[in-house]
Amino acid sequence: MARIVVLGAGFAGLWAAIGAARMRDEIGDAGRDIEIHLIDRNPYHNIRVRNYEVDLSEVALPLPQLLDPIGVTHGIGEVEAIDPTLREISLVTSDGKESLSYDRLVLALGSEVMRPDVPGLAEHAFDVDTYAAARRLEDHLASLGRSAPSPARSTVVVVGAGFTGIEVAAEMPARLARAGITGSRRIVLLDPNPVVGATIGEQARPVIETALASLDVETRLGVRVASVEAAGARLNSGEFILTQTVIWCAGMRASRLAGNFAGARDRLGRLLVDPFMRIADVPGVFAAGDIASSVIDGLHPTVMSCQFARPMGRFAGHNVVADLAGRPMLPLRIDWYVTVLDLGGWGALYTEGWDREVRTTGEAAKATKQAINRKRIYPPLSGRKDELFAAAAPTVQAPPPTYGSRRN
């Protein structure tokens with residue numbers, strides 16, 4: 001029995017596992033002796049891009065519902081190390097330390113928020129990097145809602161004015177209202193760059209600034225957090241902001257386990273993979289999602305986003321079985337790129353192309369964002385094998401729909 005191991009149950013890992021099962025089924029008798037086993041630290045698939053939202057009730061999908069119908073086994077464990085020479089994975093499970101061998105590996109361990117050595121950050125800050133972290137923030141806000149009113153209670157500091165930080169800040173008025181924190185409130189968005197959304201593009205920036213202003217989100221630009229304390233955040237400018245809620249959204253890096261491989265890595269720590277999702281010079285190992293970088297149109301490398309993680313996973317899953325069974329592999333090519341930024345109660349921003357040309361804004365863009373977050377990126381939940389396999393076909397979806405006019 002040959003074993004394919006998929007590490008990670010995020011957007012890339014889940015779809016790699018389903019895509020591998022689909023290809024195993026497609027090759028018939030040749031696939032009977034192929035085991036597909038997925039390992040994740042959690043028993044669920046997190047719709048991670050929704051962790052900033054008001055309602056977290058539908059962002060953790062149980063893995064048995066998605067994998068049992070297609071014959072993919074799964075286990076819970078923390079990956080400590082990977083030895084590509086011995087083809088062994090060192091795990092920590094509820095039973096202690098274990099070793100798991102593989103014939104082929106799909107590395108889909110994703111990314112994590114960067115946590116620099118800022119005094120008090122680990123003890124006092126929150127984030128939305130994982131479902132558990134998002135629930136911790138939700139519980140914290142609910143607890144504040146039950147406490148006595150104070151300026152610190154009703155002030156939220158969001159650190160990092162990139163995609164995640166902007167979405168967290170824009171959603172915060174609704175989240176505070178849900179927690180029962182009404183009346184005078186203060187939301188402050190910090191970033192060391194001189195502008196909000198430094199990587200989002202000049203066309204998009206005025207839209208973002210308009211939305212944040214309408215939501216009464218303050219900005220502190222060109223500053224860094226010097227320390228996070230129980231009473232608030234101290235900035236390198238000398239300003240101290242009284243708050244009980246600091247949310248850290250200051251950048252992402254690939255999983256540290258990418259360092260177990262000798263392959264080339266980019267500035268974010270991502271392993272460079274070819275169009276088939278293979279790591280160069282590491283036999284039997286594929287990588288997909290945020291831990292991997294692939295040039296997908298002959299010019300642009302993938303970005304850390306479910307927009308790329310999902311097709312990367314589908315193709316990695318197809319190809320890992322094809323490689324094992326001696327069948328032709330399929331290259332991934334994606335000729336379009338969009339961004340859809342949620343701007344809370346104001347709406348959203350939809351851009352097209354790598355130069356991020358603004359296509360729609362406001363409620364029109366919000367309709368697209370909700371179609372993505374609530375439907376497009378979800379696996380079928382019926383438990384039907386045929387629906388899961390259809391969704392895992394090694395193809396590239398068309399761009400998401402647009403609604404309404406170009407401008408708000």
Side-chain angles (χ1 to χ4, degrees), residues 8-11 40-42 44-56 59-60 78 109-144 152 155-176 178-179 181 187-193 196-197 199 217 219-220 223-235 241 243-256 268-269 289-291 303-306 309 341-342 344 373:
F11 288 109
D40 194 89
R41 61 166 63 103
N42 300 304
Y44 52 78
H45 168 62
N46 177 209
I47 307 296
R48 188 186 189 190
V49 296
R50 295 190 64 182
N51 285 348
Y52 70 92
E53 291 186 13
V54 170
D55 185 1
L56 299 177
V59 302
E78 189 74 37
L109 290 167
S111 60
E112 57 193 17
V113 66
M114 289 189 285
R115 295 177 175 86
D117 189 21
V118 173
L121 176 62
E123 296 84 357
H124 302 299
F126 297 86
D127 63 74
V128 294
D129 193 36
T130 64
Y131 175 63
R135 287 298 305 270
R136 177 173 171 258
L137 174 60
E138 181 178 60
D139 292 344
H140 168 73
L141 294 175
S143 176
L144 289 181
T155 298
V156 174
V157 172
V158 180
V159 184
F163 277 84
T164 302
I166 291 169
E167 291 191 327
V168 167
E171 189 81 346
M172 197 50 59
R175 298 197 69 171
L176 292 175
R178 180 184 173 111
I181 302 173
I187 301 161
V188 185
L189 181 61
L190 309 178
D191 199 278
N193 288 293
V196 169
T199 65
V217 175
T219 57
R220 292 288 186 280
V223 297
R224 297 180 182 273
V225 174
S227 64
V228 183
E229 304 171 20
R234 190 174 302 280
L235 311 185
I241 302 176
T243 179
Q244 293 178 261
T245 310
V246 174
I247 307 172
W248 196 264
C249 307
M252 306 294 292
R253 283 194 64 81
S255 166
R256 61 176 179 79
L268 300 176
D290 286 3
I291 201 169
V303 300
M304 289 182 172
S305 131
C306 66
L341 180 70
D342 199 338
N373 276 20

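Start at 1 with the first residue, then count along the sequence.
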Please find the pair of heavy atoms, one from Val113 and one from Ala250, that lie closest to each other, and give the distance.
CG2-N, 4.3 Å
Rounded distance (nearest 0.5 Å) linking atom CZ of Arg175 with atom OG1 of Thr245:
10.5 Å
Are the side chain of His124 and the backbone N or O of Glu229 linked by a donor-acceptor pair below 3.5 Å?
no
Across all chains, not counting sequence neighbours, the side chain to side chain donor-acceptor pair (under 3.5 Å) partners of Arg220 are Glu218, Glu239
Sidechain-backbone polar pair: Ser227 side chain, Gly120 backbone, donor-acceptor under 3.5 Å
no
Using atom types as modelled and distance alone, determine if a side-chain donor or acceptor of Glu171 lies under 3.5 Å from a backbone N or O of Glu53.
no
Quick one: pull up CD in Glu167 and CG in Leu341 and give me the separation to the nearest 0.5 Å.
5.0 Å
In the structure I gave you, are the side-chain heavy atoms of Val225 and Leu235 within less than 4.5 Å of one another anywhere?
yes
Side-chain heavy atoms of Trp248 within contact of Val158, under 4.5 Å:
no
To the nearest 0.5 Å, what is the distance between CD1 on Ile247 and OH on Tyr52?
13.5 Å
What one should report as the nearest heavy-atom pair of Pro192 and Arg224 is CB-CZ, 3.7 Å
Hey, does the side chain of Asn51 reach the backbone of Val128 with a donor-acceptor pair shorter than 3.5 angstrom?
yes
Partner residues of Tyr131 under the ring pair (Phe, Tyr, Trp, His ring centres under 6.0 Å) criterion, sequence neighbours left out:
Tyr44
Should Glu123 and Leu121 be marked as a side-chain contact (heavy atoms from CB on, under 4.5 Å) after you check the CA-CA gap, both sets of side-chain angles, and the distance that decides it?
CA-CA 6 Å; Glu123 296 84 357; Leu121 176 62; 5.8 Å; no
Within-4.5 Å side-chain heavy-atom neighbours: Ile166 and Leu189:
yes
Looking at every heavy atom in both Asp129 and Glu112, which two are closest together, and how far apart are they?
OD2-CA, 3.5 Å
Among Ser305, Ser255, Ser111, side chain to side chain donor-acceptor pair (under 3.5 Å) partner for Asp290
Ser111
Euclidean distance, Thr130 OG1 relative to Arg135 CZ, rounded to 0.5 Å
11.5 Å
So which atom in Ala226 and which in Pro119 form the shortest heavy-atom distance, rounded to 0.1 Å?
O-CD, 3.4 Å
Nearest heavy-atom pair of Leu141 and Ala179: which atoms, and what distance?
O-CB, 3.3 Å
What's the separation between atom CE in Met304 and atom CG in Leu268, rounded to the nearest 0.5 Å?
4.5 Å
Measure across Asn46 and Val59 and return the closest heavy-atom pair with its distance rounded to 0.1 Å.
ND2-O, 2.9 Å
CZ/Arg178 to CG/Asp55 distance, rounded to the nearest 0.5 angstrom?
5.0 Å
Can you tell which of Arg136, Arg115, Arg48 makes a salt bridge (charged side-chain N to carboxylate O under 4.0 Å, His left out) with Asp127?
Arg115
Could you go step by step and tell me if Asp191 and Val196 meet the side-chain contact (heavy atoms from CB on, under 4.5 Å) rule?
CA-CA 7 Å; Asp191 199 278; Val196 169; over 6 Å; no
